[in-house]
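Structure record follows, encoded as structure tokens.
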Amino acid sequence: SLSKTSPLAYAGMTILTMVVIGAVLGGLADLVFKALKIDLGEYEEEGAVIKQH
Amino acid sequence: MVHMPVSGVDIAIWPLLLIGFTVGVVGGFFGIGGAWLVTPTLNIFGFPMIYAVGTDMTHLVGKSIISTMRHWKFGHVSVIIAFIMLIGTFSGIEAGAQILRYLTKIGQAGVVVRYLYIVLLLAIGFFMLSEYLKVRKIEKEKGTKVKDVVGTGWSRWIQETLNIWPVFYCKTAKMKVSLWASLFVGVITGFCAGILGVGGGILRVPALIYLMGVPTKIAVGTDLFEVMFSGAYGCFTYSLKGGVELLGAVIMLLGAAVGAQFGTVCTKYVYGITIRLVFCMATFLCCASVVMKQIASYYEPVYKKGIEALLKKEGFSAGEISALIYKKDAMYHYMVEVANRPEWYAAFMKNYIWTMTGGYLMLAAATGICTYIIIQLFAGIAREKRERELAARVKA
């Protein structure tokens with residue numbers, strides 16, 4: 001309904017909603033990995049990479 | 001079915017979740033937004049086209065946050081390169097958008113944009129493919145496994161030519177980077193993205209790899225960090241015009257949140273050079289999508305203005321017209337039975353077939369790439385488990 005009355009408020013609420021949901025889901029994924037005891041934590045290996053710098 | 005409050009149409013939930021999941025996997029793996037996959041596939045499920053791009057941009061904000069969080073933990077995000085490139089990107093986007101406005105004014109935007117996009121994608125695809133084949137040749141000659149190639153002749157030339165103060169050392173990528181080189185690459189990719197009217201991830205990742213000389217995985221993570229900001233900018237501008245269906249974006253994000261974990265974690269188990277090979281396949285598929293869109297657009301001028309005027313007269317809103325214009329039965333009714341214009345319907349059917357073919361091709365491509373990534377992920381996990389068991393046995 002904000003999109004009809006105040007486009008600026010609608011745009012703000014849209015971004016805020018996505019940022020909050022994104023951050024919550026990202027944090028939730030971390031908790032799931034921890035609960036399942038999945039530990040997630042090549043270019044440092046010499047000879048494995050062709051360097052052209 | 002769920003009612004979309006902005007556009008007023010009813011959409012099934014599962015296609016939105018499925019699209020979100022597949023583009024989450026692909027985006028997390030490549031470091032791109034994936035609008036070229038989302039927009040045509042939303043189309044085949046009856047999502048109104050005028051809301052498709054804005055809704056995709058909106059879901060991208062949440063998805064890129066989730067993917068960046070994971071890549072950040074892997075040490076794949078170079079904040080300093082991302083921020084400098086962002087300044088260049090936004091300046092480039094504004095300049096490109098001005099040219100796009102001029103092209104729109106003279107009525108050439110659609111054709112120029114699509115042909116430019118096709119040329120760029122083919123160039124990137126063939127360059128990446130030839131480089132991959134070169135690496136495979138080196139592997140055969142030397143008998144060793146090459147995991148990544150860091151830097152190119154172009155990146156060396158850019159870094160040396162623009163080696164003007166300030167030059168800083170990037171700890172994440174373990175390389176010296178000139179501020180002006182980063183700005184230059186940002187402006188170029190932003191300019192192309194601005195003209196094409198796309199997010200630019202599919203251009204920025206190759207630019208980071210080949211023009212900046214950043215390792216592949218860091219290019220992926222750094223681009224996703226940039227996508228957070230460029231996506232938020234796109235989301236804001238589309239929202240202001242009322243072109244965003246927030247509920248649709250949230251449903252897609254729920255699928256993408258799961259998919260992004262698969263895609264980002266998979267980058268841990270595959271070599272940088274493998275990411276490049278799959279990325280190059282994706283650019284060819286993206287190119288195919290644009291070609292189909294171009295073919296479909298040939299038939300639009302025959303009926304589009306006429307049917308839109310007729311539907312407006314019948315009392316439909318812009319959102320309803322956008323949804324109706326992809327429904328065969330409704331179009332037959334209004335074009336043939338109401339307007340008595342069978343030539344409109346014949347042109348509409350040709351457009352419909354090409355549009356749907358493009359949509360299904362992208363859906364198949366997204367599913368195929370997504371399946372490949374998930375297989376690689378589970379193969380990597382199994383390999384790691386075997387290595388750990390072997391190490392434990394040797395220790396014992």
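What you are looking at is a predicted structure, and each value in this text was computed from that prediction instead of being measured. Every chain is numbered from 1 and lettered A, B, ... according to where its sequence line falls, protein lines coming before strand lines.
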With side chains defined as the heavy atoms from C-beta onward, is the minimum distance between T14(A) and C235(B) less than 4.5 Å?
yes
Does anything in residues 58-66 of chain B reach chain A? List residues with heavy atoms under 4.5 Å apart, or say none.
T58(B), H59(B), V61(B), G62(B), I65(B), I66(B)
Would you indicate whether the side-chain heavy atoms of L246(B) and M18(A) approach each other to under 4.5 Å?
yes
Using a 4.5 Å cut-off on heavy atoms from C-beta on, say whether the side chain of L254(B) contacts that of L25(A).
yes
Counting C-beta onward and ignoring hydrogens, is there a side-chain heavy-atom pair between F236(B) and L8(A) closer than 4.5 Å?
yes
G27(A) and M69(B) have their tightest heavy-atom pair at N-CE, 3.7 Å
If every non-hydrogen atom of E245(B) is compared with every non-hydrogen atom of Y10(A), which pair is closest and at what distance?
N-OH, 4.3 Å
Name the region of T17(A), side chain, backbone, both or neither, that has any atom closer than 4.5 Å to a heavy atom of chain B.
side chain
Shortest non-hydrogen separation from L253(B) to G22(A) and the atoms involved
CD2-N, 4.1 Å
